[in-house]
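Written below as structure tokens is the structure these notes are about.
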Amino acid sequence: PKAVWLTYPAFITMTVHASWFVCRSGYATIPVSYLMLFVYVFIGQLLFGYRVALVVFICWVGTLAAHMVLEGMGVIEYAFLLEGLEEKVREPGGLWDMAQMMNGFIAVLICLLICGYIIDRWRFRERQVMDMSELLKKMFGRYLSTEVMNSLIANPAALELGGERRSVTILMSDLRGFTALSERLEPEQVVRLLNSYFEVMVEVILKHDGTISEIIGDALLVVFGAPQDMEDQTLSCVACALEMQNAMTEVNRQNRAMGIPEIEMGIGVNEAEVVVGNIGSSKRSNYTVVGRGVNMVQRIESYSVGGQVLVSDSVKSKAGASLRIDGKREVFPKGAEAPFTIYEVGGVGAPYNITLLDQEVHLHGLARPIPALCTPLDGKQVGRERIPCSLTRLSLKSADLVCQADLELYSNLKLNLAGVSEELAGRDFYAKVLKHSSEDATLFRIRFTSLPSEVDGSFQAAILQSRREDVSVESE
């Protein structure tokens with residue numbers, strides 16, 4: 001009730017009046033009085049809460065106790081109201097008995113109506129909870145583990161608009177060369193490729209209790225440690241990253257079966273304090289993370305090549321000796337205030353015991369270097385300068401590049417073959433600079449991030465020719 005100032009006193013007055021009536025008519029003579037006590041306490045609890053129900057109970061008990069004390073002292077008579085009634089009213093089956101029967105009937109009827117109302121409201125609330133559960137499962141079920149989903153259903157307040165500071169481990173993955181690949185494929189093929197890729201990746205993420213914050217094109221942003229706390233969130237996140245990389249074997253097997261090119265993925269992991277929560281407007285919101293830690297994981301991921309898992313120093317420090325570190329490098333990304341160190345992870349220890357599948361690539365020496373033109377990329381912008389270079393050793397994933405220019409480590413390159421047909425020369429392919437030879441200032445190790453099928457076919461032919469020449473030399 002909204003008019004509390006009126007309803008509270010009115011209800012208490014009714015309670016005192018009813019209890020006084022019971023005393024006047026005999027608390028032992030009218031057993032239905034105790035049923036009435038239950039009705040008043042129940043209504044007080046239902047409408048006003050336990051405080052009013054307690055006041056009602058105290059009023060009844062206090063009035064009856066006072067009556068018994070005064071009766072024992074001889075101040076008042078028991079059931080003194082009945083003394084004034086005529087004998088015919090008090091006789092069995094008279095008006096008094098009928099009135100008491102009616103009181104009992106009304107009390108029971110009130111109890112039944114209230115109980116029926118409560119049961120109906122309870123069932124209605126249960127249906128609402130079930131509908132909400134189904135809605136949450138449809139909205140988030142594909143992106144949250146079962147444990148996190150059950151937690152949100154039990155505590156829907158966690159989905160309210162707002163955020164909180166929390167230390168989480170963030171994973172970001174991205175397909176290498178997807179933009180160039182999607183331009184060569186039909187839209188239906190791109191959709192099949194992404195669906196196949198996400199189907200496998202999401203399964204791995206949910207297995208490790210990760211929360212998928214966002215799917216941005218071909219990229220995944222995953223959070224460990226929110227909305228539910230995790231004791232081993234760092235190791236679980238790294239284990240998830242390694243298993244995702246190993247699962248790319250299954251993704252590419254499905255791609256080959258559908259006649260779609262194979263793909264590669266890079267992953268970055270960072271541990272940081274961020275703002276995490278349901279962020280947006282009342283009409284549209286998203287459970288996501290915001291802060292410098294998210295920007296950091298994006299930068300770390302940008303340095304990875306296909307098949308790599310790179311982590312920040314904070315991840316290495318927290319995970320400790322459980323990680324197998326295969327390499328480290330110091331980087332100074334554009335816009336950063338200072339350089340920082342990132343580490344290449346090749347495995348994680350107990351209780352996960354996961355290692356990356358062997359991806360060692362054998363480079364084939366070429367009797368005749370493949371001429372090419374390379375263009376350094378400034379972030380996402382393609383530079384104008386096309387620098388002559390050549391590929392001297394080659395595999396389908398990596399190559400040794402001879403170039404007179406001073407190429408920066410971990411920079412991205414756009415390349416085109418030279419001395420070939422105009423159609424083949426117009427096929428762009430992309431690579432990232434991984435190493436710089438300490439003995440030869442013009443020699444660089446590059447890792448391909450995107451290869452068109454025509455360029456890939458040309459490289460396969462060159463590798464096959466190199467193998468034949470090697471066999472011919474050995475036979476001689």
For Ser236 and Gln233, indicate whether the former's side chain and the latter's backbone hold a donor-acceptor pair under 3.5 Å. no
Taking salt bridge (charged side-chain N to carboxylate O under 4.0 Å, His left out) as the test, write out the residues that go with Arg393, two or more places apart. Asp400
Strictly below 4.0 Å, N to O, side chains only: are Glu301 and Arg176 in salt-bridge contact? yes
Thr442 and Gln404 side chains, donor-acceptor separation under 3.5 Å: no
Regarding Gln460 and Asp456, is there a side-chain donor-to-acceptor distance under 3.5 Å anywhere? yes
For Asp218, all residues meeting salt bridge (charged side-chain N to carboxylate O under 4.0 Å, His left out), sequence neighbours excluded: none
Given Asn252 and Ile263, is the side chain to side chain contact (heavy atoms under 4.5 Å, CB included) satisfied, shown in steps? CA-CA 7 Å; Asn252 285 321; Ile263 53 178; 3.7 Å; yes
I want to check something: taking the side chain as every heavy atom from C-beta on, are Cys237 and Val311 in contact at a cut-off of under 4.5 Å? no
Ring geometry between His208 and Tyr352 (parallel below 30°, tilted from 30 to 60°, perpendicular above 60°): tilted
If the threshold is 4.0 Å, N to carboxylate O, is there a salt bridge linking Arg123 and Glu126? no
Flag yes if more than 12 heavy atoms outside Arg165 fall under 6.0 Å of its CZ atom; otherwise flag no. no
So do Tyr197 and Leu220 actually touch side chain to side chain, heavy atoms under 4.5 Å? yes
Take Val276 and Glu164 through the side chain to side chain contact (heavy atoms under 4.5 Å, CB included) test and state the conclusion after the steps. CA-CA 6 Å; Val276 56; Glu164 61 173 334; 4.2 Å; yes
